[in-house]
Amino acid sequence: MMFFIEVTLSGLMAGVMYSLVALGFVLIFKASGIFNFAQGVMALFAALTLVGLMEKFNFPVWLAIIGTIVVMIALAWLIERVMLRHLVNQEPIILFMATIGLAYVLEGAGDILWGSDVKLLDIGIPQGAWGWLWDQGIYVEKLELFAAGTAAILVIFLAVFFQKTRVGRALRAVADDHQAALSVGISLNTIWVVVWSVSGIVALVAGIMWGSKSGVQFSLSLIALKALPVLILGGFTSVPGAIVGGMIIGVGEKLAEVYFGPMVGGAIENWFAYMLALAFLLFRPQGLFGDKIIERV
Amino acid sequence: MTERNIGDVILKVDNISLSFGVMKVLDDISFDVRQGEIRSIIGPNGAGKSSMLNVINGFYHPQQGSITFKGNTRKQMAPHVAASQGIARTFQNIALFKGMSTLDNIMTGRNLKMKTNLFWQALHIGPARTEEIENREAAERIIDFLDIQAIRKKPVGKLPYGLQKRVELGRALAAEPDLLLLDEPMAGMNSEEKEDMCRFIIDVNDEFGTTITLIEHDMGVVMDLSDRVLVLDYGKQLADDVPDKVRTNQTVIDAYLGVPHE
Amino acid sequence: MIYRETGQFKSSYESDQALFPIKQDRYVILGVLIVTFGVVPGLLNEYWLNAILLPFLIYALAALGLNILTGYCGQVSLGTGGFMAVGAFSVYKLMIAFPELGFIPLVLLSGVITAAVGALFGLPSLRIKGFYLAVATLAAQFFLIWLFNKVGWFFNYNASGMINSPPMTVFGVIITGPEGDMTGKYYLVATFVALFALVAKNLARGRIGRNWMAIRDMDIAAELIGVRPLIAKLSAFAVSSFYIGMAGALYFAVWLGSAEPTEAFDINQSFLVLFMIIIGGLGSVLGSFLGAGFMVLMPILLKNIMVDGFGTDAALAAHIEIITVGVLIIGFLIVEPHGLARLWRIAKEKMRLWPFPH
């Protein structure tokens, strides 16, 4: 029983990590209808920049984080200027392919700028088992708990940002209807820079958490692939969907890995989440929090 | 108008009720359509007219009631089954295949008339070739009928609105339907285009003997074309009669003009 | 003035529906075929064959397949790598179990097996659309690669997990594996590609192709005029996977000679083929070839320019290469989102009017 709880808890924690990446996807998709495949590489790029600033320039942690945030905002601005601006009104698939191109560019640029060796990321997040639960016989990483806490704060921050600020309202308007938003004088270009910046910062948080856990290396960009089933489960446009979906996938995956994996030779985490999401969709095609769609002709 | 050639009941709608969640879209609607008739459904926006057509060709599934078409009664059916039984339609907002040419759109309308299998199609010889040419001839007859020869090979997405409506009618006619459902065939047209469309509708009815059920807001058109008119309002059936009676029906006038407050 | 249709009158629907109704197009195709089968084999060498021609032809076949599904039927798939793996492992098992059947039937059979797998993974398309479906097809990608990696039966319990192509002959010439004959390999693959390009063109211009496009452009309207989404979508998945399976079989047996699933068929293959059809042109047979050519040649050119031209360090060159590929893709999408095939069409329009500007 203790073992089951332990597995579930560690699944929940891993799920939070997935949620963080999925959140970045959702923000961009909501505001611009772009399926940003580069979200995972953005997390890698952010983590690489952070480590690079700390190692090569001996920045203290707080300054390195601020520096990275500035870099991510500059990147968002650049992406809007060079890429998005010229792709307005293209088919979604074209924009999707463009973000794959972007992923290539960031991947190569990150390697050239900061080197492609595996790097340790230590910004002072507590490591090791969490004492209180360890006394109860359950092993939970302090780091994962910290990640969960950070994710919660981030979500609250985003909720306030979307609900209470002027930019947040504009964002929601754009998400609802591009044309209508334009007609009341909202600048689409600015909105895109803002939303890509926010996603870049979310990517940084995800990058810090994953990087602290298993080092900063190329495989970090692959967490994007883990976040995708979360999206079909939770819906491409739902923030709560991303959070809850991430938890479900995290727990389901860990339980399956432990109880079902050994039967079929292990390493099932690559596809299990997808199958889980697909099975779920058979019963609820509109996703976790979506409304039933009434099609009109 | 010339002598009308009206036959037996071809479509019978019995006690249809349809709702989405708490919203009742259609409430206990019953009517029939006779062979060779031009039947109109009118009513203010949101009256449930399009929903009624969607029920008839199997796209919406009503909670109650049944539909009898050519003697087959059914509660629910898939749209492609309705199509194969001989129901074709056009749409309120044009639903053409935008990436395809006029000819291909009309040829797609004939897909149920074409049967050759994947193998022959892959080689494009023998039966597949013969079938393609036969159906091309049928499609060309429709193109001639609608006078759209010049845009045969043009992608429909780039055609002006009025022509698109015409191509859509062509696509529906290509199936050689027994019952043709037209959802606002004249919406957004100028009076000249409307006249053309009216002429096509009358000709289709006259020359091919196709039974037509149409939704239209232009009352002049409706009263001129229709044999009988069904009036809906907020999902309820207000009246069902010949145009002259509907015109003078007090409930209908109230629904359209509003009831004066006492 | 050289390229024009004026004066070429059609007196029957049959000639109007011909594959290439315009005379000049027929000459161009004839020329391409003569060069492909008459001239190129005389100039073959090992480098051209293995670095350029075989990958170009095999990827063109895969791109044709994906274009049927994505370009004609509108269903985005990211499972191409996985389906190529199905073709490769099918042909491997078949070559060992039934060598007497001959290589060509075995390749076709691998395509059929892949078609069945593809149709199975196409089932979600009946309920979900767009990017939801694209992500769902990743399930196929990851599951299939895992399967071929973990289940020993597929690679005959080879300790390295690799599959190696046994030598097989076609008309007495060894075609597969490292001992294969160069010219023989080329002729076989080129013939496959040419024939199935013709088949794709035929399917696209007939009822089945129109039904696919109808589903792509407006699925609800298509259903209401009698196109059955179940049949149209699953047949697109099946036919597409048939092509991709054959491409996978040739990729492994003829080109590489040996393969390891996680590397040879990973998700980057799926993206590569998707890039080919988008850069080449969605819904265009010609585009599948142009896109495959572009994506095969571009990295080779870049590498040659950097390493041989400027003497760039190989590791740095690899990074620069990936950045440049990314930049070129983005740039291309900005300049011509409808692909190379569309540029070709515009060029033809211009030629028709030349020397008059309008």
Side-chain angles (χ1 to χ4, degrees), chain A residues 29 33 35 37-38 79 82-83 85-87 89-113 116 222 225 228-232 235-236 264-278 281-283 285-287 295-297, chain C residues 70 74 76 78 121 123-124 126-147 149-152 218-221 223-224 267-268 271 274-275 278-279 282 315-316 318-335 337-339:
Chain A
F29 194 85
F35 181 22
F37 192 79
I79 290 171
V82 177
M83 190 172 109
R85 175 166 294 199
H86 305 284
L87 286 169
N89 291 332
Q90 289 300 345
E91 298 278 324
I93 186 173
I94 301 290
L95 284 154
F96 168 61
M97 296 314 283
T99 66
I100 300 180
L102 176 66
Y104 288 174
V105 174
L106 286 180
E107 195 185 310
D111 281 349
I112 288 179
L113 288 175
S116 51
L222 300 178
L225 297 175
L228 295 180
V230 174
L231 291 179
I232 38 178
F236 279 76
V264 293
I268 61 172
E269 75 269 23
N270 271 340
W271 56 268
F272 179 80
Y274 286 91
M275 291 296 182
L276 187 69
L278 267 184
L281 277 188
L282 284 181
F283 299 103
Q286 66 270 40
E295 289 191 275
R296 292 167 191 280
V297 283
Chain C
T70 305
V76 180
L78 297 175
F121 279 101
L123 284 174
L126 304 177
R127 299 209 69 168
I128 52 178
K129 294 174 186 176
F131 285 126
Y132 286 88
L133 178 66
V135 172
T137 57
L138 279 176
Q141 173 71 38
F142 292 123
F143 177 75
L144 291 168
I145 298 307
W146 173 85
L147 190 70
N149 216 6
K150 284 284 167 197
V151 180
M218 183 72 77
D219 55 350
I220 294 170
E223 196 178 351
L224 293 178
I267 187 170
N268 285 318
F271 289 142
L274 194 55
F275 275 131
I278 286 180
I279 284 180
L282 285 172
L316 180 63
H319 294 319
I320 296 179
E321 183 191 317
I322 191 173
I323 293 181
T324 320
V325 170
V327 168
L328 280 177
I329 286 168
I330 295 172
F332 195 94
L333 294 174
I334 290 171
V335 175
H338 298 288

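Throughout, a chain's letter reflects where its sequence line sits, starting with A, and its residues are numbered from 1. These numbers were taken from a predicted model, which means no experiment stands behind them.
- Looking at C:V76, the atoms closer than 4.5 Å to chain A (heavy atoms on both sides) all sit in the side chain, from C-beta outward.
- Only the side chain of C:I128 comes within contact range of chain A, judged by heavy atoms closer than 4.5 Å.
- Heavy-atom distances place the side chain of A:L87, and not its backbone, under 4.5 Å from chain C.
- With a 4.5 Å cut-off on non-hydrogen atoms, A:L278 touches chain C through its side chain but not through its backbone.
- With a 4.5 Å cut-off on non-hydrogen atoms, A:L106 does not touch chain C at all.
- Counting heavy atoms from C-beta outward, A:L231 and C:V135 have side chains that stay 4.5 Å or more apart.
- Looking at every heavy atom in both residues, C:I329 comes nearest to A:M97 through CG2-O, 4.3 Å.
- Within the 4.5 angstrom heavy-atom criterion, no atom of A:A277 approaches chain C.
- Neither the backbone nor the side chain of A:F272 comes within less than 4.5 Å of any heavy atom in chain C.
- The heavy-atom pair separating A:G235 from C:Y132 by the smallest distance is CA-OH, 3.3 Å.
- Interface summary for chain C: among A:F236, A:F29, A:F35, the most heavy-atom pairs under 4.5 angstrom belong to A:F236.
- Chosen from A:I94, A:V82, A:L95, the residue pairing most often with chain C at heavy-atom distances under 4.5 Å is A:I94.
- For a residue to count as touching a neighbouring chain, one of its non-hydrogen atoms must lie under 4.5 Å from one of that chain's; by this rule C:L333 touches chain A with backbone and side chain alike.
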Worksheet entry | Worked verdict on A:F37 versus C:L78 for side-chain contact (heavy atoms from CB on, under 4.5 Å) | CA-CA 12 Å; A:F37 192 79; C:L78 297 175; 5.7 Å; no
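- Both the backbone and the side chain of C:L274 come within contact range of chain A, with heavy atoms under 4.5 Å apart.
- Neither the backbone nor the side chain of C:L133 has a heavy atom closer than 4.5 Å to any heavy atom of chain A.
- Both the backbone and the side chain of C:P337 come within contact range of chain A, with heavy atoms under 4.5 Å apart.
- Contact detail for A:Y104 and C:G326: the closest heavy-atom pair is CB-CA, 3.9 Å.
- Of the residues considered (C:A139, C:G130, C:A134, C:A136), C:A139 shows the highest number of contacts with chain A, using heavy-atom pairs under 4.5 Å.
- Heavy atoms of C:L328 lying under 4.5 Å from chain A are absent altogether.
- Contact of C:T324 with chain A is not made at all, since no heavy-atom distance falls under 4.5 Å.
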Worksheet item: Could you go step by step and tell me if A:L225 and C:I267 meet the side-chain contact (heavy atoms from CB on, under 4.5 Å) rule?
Response: CA-CA 10 Å; A:L225 297 175; C:I267 187 170; 3.9 Å; yes
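- Residue with the most contacts toward chain A among C:I322, C:T70, C:L144: C:I322 (heavy-atom pairs, distance under 4.5 Å).
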